[in-house]
Amino acid sequence: QVQLVEFGGGSVQSGGSLRLSCAAFGYTYSRYCMGWFRQAPGKDREGVAVIDSNRRTSHTDSVKGRFTISQDNAKNTLYLQMNSLKPEDTAMYYCATGPELYSSGGYYCTPSETLYNYWGQGTQVTVSS
């Protein structure tokens, strides 16, 4: 059974930084997607950034240039470095994992929630103006 545990959330002022971590236990996928998602009050959950088995990354437009997803395979840990935080980044942040998709172009990941079947409990990020 895969378990994901996030930590590193907190409260910061606008322009500040935080680094979220997600420790993965019981990992079984040989090829996988890992991603960060967030859900603000009254809004749908959205994909923030994803990383695949080849460490290719993708970030949603609203965080490009400010957030960076990365992973440390030796530590089975996923990270999200968040810089230049804005009040609109306030949300509960979740990490998730699932198998990579395959097409004629090869393996790939998307930020679609339906791809991810293991989720962490979430960590709150609050950015004040």
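Within the structure, the disulfide bond (SG atoms under 2.5 Å apart) test picks out the following pairs touching residues 95-129 (sequence neighbours left out): Cys22-Cys95, Cys33-Cys109. For residues 84-106, every residue pair satisfying the ring pair (Phe, Tyr, Trp, His ring centres under 6.0 Å) rule, not counting sequence neighbours, is listed here: Tyr102-Tyr107. Pairs passing the salt bridge (charged side-chain N to carboxylate O under 4.0 Å, His left out) check and including a residue from residues 65-76, sequence neighbours excluded, read Arg66-Asp89. Screening residues 117-129 for salt bridge (charged side-chain N to carboxylate O under 4.0 Å, His left out), with sequence neighbours left out, gives no hits.
Separating the CZ atom in Arg19 from the OG atom in Ser21 is a distance of 5.0 Å, to the nearest 0.5 Å. Distance CZ/Phe37 to CE/Met92: 15.5 Å, rounded to 0.5 Å. To the nearest 0.5 Å, atom CG of residue Asp52 and atom OG1 of residue Thr57 are 8.5 Å apart. How far CH2 of Trp36 is from OG1 of Thr68: 13.0 Å, rounded to the nearest 0.5 Å. Here the CZ-OG1 distance, from Phe7 to Thr77, works out to 6.0 Å after rounding to the nearest 0.5 Å.
Hydrophobic clustering, with ILVMFWY side chains joined whenever heavy atoms are under 4.5 angstrom apart, groups Leu20 together with Leu85. If you chain together hydrophobic residues whose side chains sit under 4.5 Å apart, Leu115 and Tyr118 never meet in one group. Under the 4.5 Å side-chain contact rule for hydrophobic residues, Leu4 and Tyr79 do not share a cluster.
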side-chain contact (heavy atoms from CB on, under 4.5 Å) assessment of Phe67 paired with Leu80: CA-CA 7 Å; Phe67 292 10; Leu80 184 68; 4.2 Å; yes
Checking side-chain contact (heavy atoms from CB on, under 4.5 Å) for the pair Arg31/Asn54: CA distance, chi angles, key distance, verdict? CA-CA 9 Å; Arg31 298 199 65 90; Asn54 292 323; 3.4 Å; yes
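Residues satisfying the side chain to side chain donor-acceptor pair (under 3.5 Å) criterion with Ser128, sequence neighbours excluded, are absent altogether. Under the side-chain contact (heavy atoms from CB on, under 4.5 Å) criterion, Glu88 pairs with Lys86, not counting sequence neighbours. Scored by the side-chain contact (heavy atoms from CB on, under 4.5 Å) test, Ser11 finds Thr126 as partners (sequence neighbours excluded). Looking at residues two or more places apart in sequence or on another chain, you find a side-chain contact (heavy atoms from CB on, under 4.5 Å) between Ser112 and Thr110, Thr114. Residues passing the side chain to side chain donor-acceptor pair (under 3.5 Å) test with Asn73, sequence neighbours excluded: Tyr32, Gln71. Qualifying side chain to side chain donor-acceptor pair (under 3.5 Å) partners for Tyr116, counting only residues two or more places apart in sequence or in other chains: none. With sequence neighbours left out, Asn83 forms a side chain to side chain donor-acceptor pair (under 3.5 Å) with Ser17, Gln81.
Checked by atom type and distance alone, the side chain of Gln121 pairs as donor or acceptor with a backbone atom of Glu6 at under 3.5 Å.
Counting non-hydrogen atoms of other residues, nucleotides and ligands closer than 6.0 Å to CD of Gln3 gives a total of 12 or fewer.
Nearest heavy-atom pair, Pro99 versus Asn117, reported as atom, atom and distance to 0.1 Å: CD-ND2, 4.0 Å. Here the closest heavy-atom approach between residue Ile69 and residue His59 is recorded as N-NE2, 3.0 Å. Residues Tyr108 and Gly106 share a closest heavy-atom pair of CD2-O, 3.6 Å.
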Could you give the side-chain donor-acceptor pairs of residues 39-51 under 3.5 Å, partners two or more places apart or in another chain?
{"unit_1": "Gln39", "atom_1": "NE2", "unit_2": "Lys43", "atom_2": "O", "d": "3.1"}
{"unit_1": "Arg45", "atom_1": "NE", "unit_2": "Glu113", "atom_2": "OE1", "d": "3.2"}
{"unit_1": "Arg45", "atom_1": "NH2", "unit_2": "Glu113", "atom_2": "OE1", "d": "3.0"}
{"unit_1": "Glu46", "atom_1": "OE2", "unit_2": "Arg38", "atom_2": "NE", "d": "2.6"}
{"unit_1": "Glu46", "atom_1": "OE2", "unit_2": "Arg38", "atom_2": "NH2", "d": "3.1"}

